[in-house]
Amino acid sequence: MNTHARIAFPELQSKTMSAEDAAALIHDGMTIGMSGFTGSGYPKSVPVALAAQIEAAHAAGDPFRVKVFTGASTGPELDGALAKANGIEFRLPYNSDPIAREQINSGEMNYVDMHLSQVAPVVWEGFLGTLDMAVVEVSGITPEGALIPSTSIGNNKTWLDQAEKVILEVNHWQSHALDGMHDIYYGTALPPNRVPIPLVRPDDRIGQTRFRIDPSKVVAVVETEAPDRNLPFAKPDAVAEAIAGHLLEFLAHEVARGRLPANLLPLQSGVGNVTNAVLSGLMDAPYHGMTAFTEVVQDGMLDLLDAGKLRMASATAFSLSPEAAERFNRDALSYRDKLILRPQEISNHPELVRRLGCIAMNGLIEADIYGNVNSTHVMGSRIQNGIGGSGDFARNAYLSIFMTPSTAKGGKISAIVPQVAHVDHISQDVQVIVTEHGLADLRGLAPRQRAGVIIDRCAHPDYKPMLRDYYARALQGSFGKHAPTLLNEALSWHQRYVESGTMK
């Protein structure tokens, strides 16, 4: 690794050290802001060294746990390593690591599941206490001491500004051509000093391309050469393709009715195979000059950019397969005018989502017959991942769409239930629900009208008779008739699954 090529600022060059020495600067009880968003741009070396330090402390009988804040999910070298060492006392705002998930669900780790747009403001407001340390991956340091961001921005601006001390990981694996792809806006403020964010088109640039940093706060610089956690996307199966087909047909209908422009509106899509199938389906759709204002750039968006179908994409991070990550690194220079990475307080900002009129496409765990959506908790109590940015977009989007296969666990769980066991998105924020069986357009429908449409168009055939039976009896025996509910049965499907392993 050529240190001088990546660390060109002498004052920070002098602070280079091993990951082990840097990790030794972190102590029990600290609150640490770490970079990372959907497995990109997270520190790969210091967290592993910290986990080893924690394991050694535990073996000696000493307590050692830390509080960890990030942008969103990270990778096995961060969440996985620290959770395996039982080193995380408190975690926010999002997690997808299986070891950490088990600790959260067993009560060993405290977890705050937050709207991603709200994390940075809450830290600035001081509700979460002092941020003792930031550990942030960058792709380089300029001769002037500015930091060239990596493949995610997330909350890094806030961590660098708010932390009392900073550890930087300079990752040589990241492409040199990332320099210039970012838009770091320093104009946000707390009330009463907030002003409108001056972004009116997805491709507006309103900030600067690099982070600024007080070099006196930097206590360590660690060099790495390690890839992001790039996971392969499964080839879309028949269910995913059916969901994508229903949604693409709906978008074509909206264009024909004049409710969407010919190039659609800025796209937002959650992460996963179903949403990637939708993006793949747009390759053959008659839309050109599309844009995206979203959280993450997935494989499908790179394909749309390469094909000239997508004019540009704004996000806060990448979430790519290994093949797509290799392609991006190889051709990053060609994407620099087509991709913009922003802080998540901007990429997910409700003001901007509403102004731009985004088409929000997100997944769910379950929806009920009135259109309430659960995105986070299996059987109402076991966290899966978190709400992520879906709430930021769903409440403020021009179109709020939720997609899911109609069943899970080989048909033992229905995604359409009498009542969700946990509510992340109230029915007022859910406009469209799509499964492989059909699409329910819920706009302008009262609860009883919604129930009929959702059951008829979205439920799996194995569960339709059960849903119709429940709803018919609820119409007769409910305390009120606005959203008929049998209180003693509404969650009985979930209880049946917990007791017997199936909702049937």
R342 NZ/CZ over Y185 ring centroid, <6.0 Å and within 45° of normal: no

Salt bridge D179-R210, side-chain N to carboxylate O under 4.0 Å: yes

Sub-4.5 Å side-chain heavy-atom contact between W159 and I32: no

Any pair counted as salt bridge (charged side-chain N to carboxylate O under 4.0 Å, His left out), so long as it reaches residues 305-317, sequence neighbours left out: D203-R311, D306-R327

Pairs touching residues 251-275 that satisfy salt bridge (charged side-chain N to carboxylate O under 4.0 Å, His left out), sequence neighbours left out: E254-R259, E254-R443

E223/R6 salt bridge by N-O under 4.0 Å criterion: no

S390 and N362: side chain donor to acceptor below 3.5 Å: no

K67/D132 ion pair, N-O < 4.0 Å: no

Polar side-chain atom of S35 near backbone of E137 as donor-acceptor pair, under 3.5 Å: yes

N-O pairing of K217 and D214 below 4.0 Å: no

Salt bridge (charged side-chain N to carboxylate O under 4.0 Å, His left out) between K44 and D228, worked out: CA-CA 8 Å; K44 281 76 169 181; D228 286 333; 2.6 Å; yes

Side-chain donor-acceptor contact under 3.5 Å, D429 with S400: no

4.5 Å side-chain heavy-atom contact, F37 and T70: no

Salt-bridge criterion met for E345 and K157 (N-O under 4.0 Å): yes

